Amino acid sequence: MTEENYNYRTSQTLLRNQFPGKGKLQIPIIPRFKAKEDDFNDLLLIGFDKTHLEDQNHLDRMVHFFLYDYRFERVWKNPDNDIEKLSRYRAVLSPDFSMYLEMAPVMQLYNVFRNRWCGAYWASKGIRVVPSVNWGDESTFDFCFDGIEKGSVVAVSTYMASEHDHRKDQKEWFLAGYNEMLRRIEPEKIICYNTPFPEMQGDIVYVDYERSSWRYMDYERKAAPNNDLDCYKIGGAKQDICDTIDVYMIGKGGGSAFGGKWRPSPKKPEDQRFLGKPGEIKTTYKNGYRVETKIGEDGRATVERHHTDHKQPWAHSDPHDHPIHWNNPAGFPDPQPAINYPDGAPEFKQFRGYYMKNTIVPANTYEQNQFVTISDFKTCMRWHGEVEFMWNGTTYNITHRKDKISISVSYRQETEKLCDTADEVLDYMVGEDRLRDVITQVTVTDRTI
């Protein structure tokens, strides 16, 4: 055996056995958090991805990892790299590696181990650590609370379990695990990132998600040297932020990987057209044209007719139909590419030949159609949304054709670009600007999802 091989085989990067835990699984134990008098007064958190060695403005916050895993995988792969930075903050929550219900059980166990190992390691380096607790279904209860001492302060997030955007809440799943946590750990305090459910018991320290987000942090924004990116200063340290900053995402990692089942958004009245009584046809008057949505036997839309060519007459007949599929794990209405009728459309019959009352559904306003983030736009593209928007006096249309996404200036086929991904669409030039750079600023005159 070479020295190199020996060093690798015996390294803690591979073995991770320096923090023996209790029981069969030997999950590392995070030492009990020793709270100071003012630790929880008006507590705010800061995401790991917003921390920086030169930060001087937010050191009174605790660092959280309620982020997508790729934003903090580094703390597992290279645990020494961030010790100096993390030690400067008030405390650090252990990394919330995902525990999605759909995950293989061995991956759920692995992520609990990684959570506790990182927490134990940081504590061994003198960092004050609060264990983050997450769980899957009841089958995870035998290991997902291991490595946390009884009476510890713990941290949870209700964001993924709460009703938001197009998602129903997952409260039943959350409370089952939360109540089991209370029974097994008997926590001294529970730091709750995002609004607690009324049913939650215990000494809860509520941390306001909005006030902890980047929007309320002391950022200084400057133009980037290459004019393609924005540079942000956090406590004097310049960082490049790619594209447009999305709404500060927290709360991933628990419940369903699909975020809960789809529901109509109260902020988008047009969503109501996808649900109704069997046989009902819902009519929406949108941006100068009519949409008829047919409701099937299960109360969900099956097909809708658009009385427009979406200003791409080379690709759409007026009218044309979109079958609507629901056979996706997220439960989203998923309009399929257009069925065109160059020789005239067939009758849009109602349920079993019977005509029921036609229900009018209000259309969205321009403000309700607006893309808030790049992620919002990508979600729209994922579910085959059709979009019309204006930028600097020019109108553009985005539609779907088989496995391609089409974007063009209205009525100008020579400007059309067929794209494979939403990212390719975002690279389309709208005048002198890249769509990616202005997508949250364009006037969205119409969108179907």
Side-chain angles (χ1 to χ4, degrees), residues 30 32-36 38-48 50 58 60-68 72 89-100 112 115-116 119 128-136 140-141 144-145 147-165 167-217 247-256 259-260:
I30 299 176
R32 183 169 173 172
F33 182 77
K34 296 179 180 179
K36 298 178 181 178
D38 59 348
D39 269 339
F40 308 111
N41 295 338
D42 196 27
L43 177 63
L44 294 177
L45 304 186
I46 180 173
F48 171 73
K50 299 297 184 288
H58 312 107
D60 61 337
R61 299 185 181 214
M62 294 186 184
V63 179
H64 79 78
F65 293 79
F66 296 121
L67 309 162
Y68 291 112
F72 58 87
Y89 291 89
R90 177 182 297 193
V92 179
L93 312 189
S94 61
D96 182 55
F97 291 103
S98 295
M99 288 280 289
Y100 293 126
V112 170
N115 176 317
R116 306 298 193 266
R128 306 176 71 221
V129 179
V130 174
S132 297
V133 192
N134 207 342
W135 48 86
T140 68
F141 292 175
C144 69
F145 306 113
I148 302 174
E149 295 191 86
K150 274 205 170 187
S152 292
V153 176
V154 299
V156 299
S157 171
T158 59
Y159 183 82
M160 198 68 169
S162 300
E163 183 178 287
H164 61 281
D165 300 327
R167 305 295 187 179
K168 294 180 180 179
D169 72 53
Q170 301 182 76
K171 184 166 67 171
E172 183 177 352
W173 155 78
F174 181 87
L175 290 176
Y178 181 84
N179 290 332
E180 186 69 11
M181 178 194 73
L182 293 182
R183 186 180 74 82
R184 295 195 184 216
I185 299 176
E186 299 176 5
E188 177 185 356
K189 289 184 183 294
I190 305 105
I191 297 171
C192 182
Y193 198 23
N194 198 53
T195 307
F197 292 115
E199 298 89 342
M200 290 169 61
Q201 302 296 311
D203 188 354
I204 296 173
V205 179
Y206 165 51
V207 178
D208 190 299
Y209 149 52
E210 286 291 341
R211 287 186 59 229
S212 290
S213 77
W214 65 269
R215 296 177 185 277
Y216 292 87
M217 292 171 65
V247 171
Y248 195 60
M249 293 300 296
I250 68 158
K252 64 83 235 156
S256 171

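What you see is a predicted model; the values in this text were computed from it and never measured. Note that these values count all heavy atoms, side chains included, but never hydrogens, waters or copies made by symmetry. Position 1 is the first residue of the sequence, and the numbers go up from there.
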**Q** Run the ring pair (Phe, Tyr, Trp, His ring centres under 6.0 Å) test against Tyr178 and tell me which residues pass, sequence neighbours left out.
**A**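 Checked Tyr178 against ring pair (Phe, Tyr, Trp, His ring centres under 6.0 Å); matches are Phe174.
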**Q** Is there side-chain contact between Lys50 and His58, with heavy atoms separated by less than 4.5 Å?
**A** no
**Q** Going by the rule ring pair (Phe, Tyr, Trp, His ring centres under 6.0 Å), which residues pair with Phe141 if we only count those two or more places apart in sequence or in a different chain?
**A** Phe145
**Q** Just so I know, are the side chains of Trp135 and Glu180 near enough to count as touching, which here means a heavy-atom distance under 4.5 Å?
**A** no
**Q** Would you say that Leu182 contacts Pro187 through its side chain, given a criterion of any heavy-atom pair below 4.5 Å between the two side chains?
**A**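 Answer yes - side chains close enough.
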**Q** Could you pull out the closest heavy-atom pair between Met200 and Cys192, with the gap in Å?
**A**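 For Met200 versus Cys192, the nearest heavy atoms are CE-SG, 3.9 Å.
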**Q** Less than 4.5 Å apart, side chain to side chain, heavy atoms only: is that true for Phe48 and Val92?
**A** no
**Q** How close do Val112 and Cys144 get, counting heavy atoms only, and between which atoms?
**A**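 Minimum heavy-atom contact is CG2-CA, 3.9 Å.
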**Q** Does Phe72 have its ring centroid less than 6.0 Å away from the ring centroid of Phe97?
**A**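 So the answer is yes for these two rings.
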**Q** Looking at Glu199, I want to see if its CD is surrounded by more than 12 non-hydrogen atoms of other residues, nucleotides or ligands under 6.0 Å.
**A**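 Yes - once you tally the heavy atoms of other residues, nucleotides and ligands closer than 6.0 Å, there are more than 12.
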**Q** Quick check for you: to the nearest 0.5 Å, what is the distance between Glu186 atom CD and Ser152 atom OG?
**A** 11.0 Å
**Q** How many angstroms lie between CG in Leu93 and CD1 in Ile46, if you round to the nearest 0.5 Å?
**A** 12.0 Å
**Q** Would you sort out whether Ile191 and His64 count as a side-chain contact (heavy atoms from CB on, under 4.5 Å), showing the intermediate values?
**A** CA-CA 11 Å; Ile191 297 171; His64 79 78; over 6 Å; no
**Q** Say whether, by atom type as modelled, one donor and one acceptor occur between the side chain of Asn115 and the main chain of Pro95 under 3.5 angstrom.
**A**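 Yes, the answer is positive, given that a donor and an acceptor are paired below the 3.5 Å cut-off.
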**Q** Between Ser157 and Tyr159 (side chain of the first, backbone of the second, donor and acceptor by atom type, cut-off under 3.5 Å), is there such a pair?
**A**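 Between the backbone of Tyr159 and the side chain of Ser157 there is a qualifying donor-acceptor contact (under 3.5 Å).
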**Q** Looking only at non-hydrogen atoms, find the nearest pair between Val207 and Leu43 and report the distance.
**A** CG1-O, 3.7 Å
**Q** Go through the steps for Phe66 and Ser132 under the test side-chain contact (heavy atoms from CB on, under 4.5 Å), then give the verdict.
**A** CA-CA 9 Å; Phe66 296 121; Ser132 297; 4.3 Å; yes
**Q** For the residue pair Gly119 and Val129, what are the closest heavy atoms and their distance?
**A** O-CG2, 3.6 Å
**Q** Drop me the distance from Met62's CE to Arg128's CZ, to the nearest 0.5 angstrom.
**A** 6.5 Å
**Q** For the residue pair Thr140 and Asn134, establish whether any side-chain heavy-atom pair is separated by less than 4.5 Å.
**A** no
**Q** Does Tyr100 form a side-chain contact (heavy atoms from CB on, under 4.5 Å) with Met160? I'd like the steps, not just the answer.
**A** CA-CA 10 Å; Tyr100 293 126; Met160 198 68 169; 4.1 Å; yes
**Q** Test side-chain contact (heavy atoms from CB on, under 4.5 Å) on Asp39 and Val205 and set out the steps.
**A** CA-CA 10 Å; Asp39 269 339; Val205 179; over 6 Å; no
**Q** Can you see whether Asn194 engages Thr158 through a side-chain donor-acceptor pair at a distance of less than 3.5 angstrom?
**A** yes
**Q** Do you know which two heavy atoms are closest between Ile148 and Val154, and how far apart they sit?
**A**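 Answer, listing the atom of Ile148 first, then Val154: CG2-CG1, 4.0 Å.
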**Q** Please identify each residue that fulfils side chain to side chain contact (heavy atoms under 4.5 Å, CB included) with Asp208, with sequence neighbours left out.
**A** Tyr206, Glu210, Arg211
**Q** Under the 3.5 angstrom rule, does the side chain of Ser94 hit a backbone N or O of Arg116 as a donor-acceptor pair?
**A**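 No: the side chain of Ser94 does not pair with the backbone of Arg116.
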**Q** Has Arg61 got a side-chain atom pairing as donor or acceptor with Ser212's backbone, closer than 3.5 angstrom?
**A**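 Checked: pair present.
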**Q** Mind checking the CE-CG spacing from Met181 to Leu175? Nearest 0.5 Å is all I need.
**A**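 The CG atom of Leu175 is 10.5 Å from CE of Met181, to the nearest 0.5 Å.
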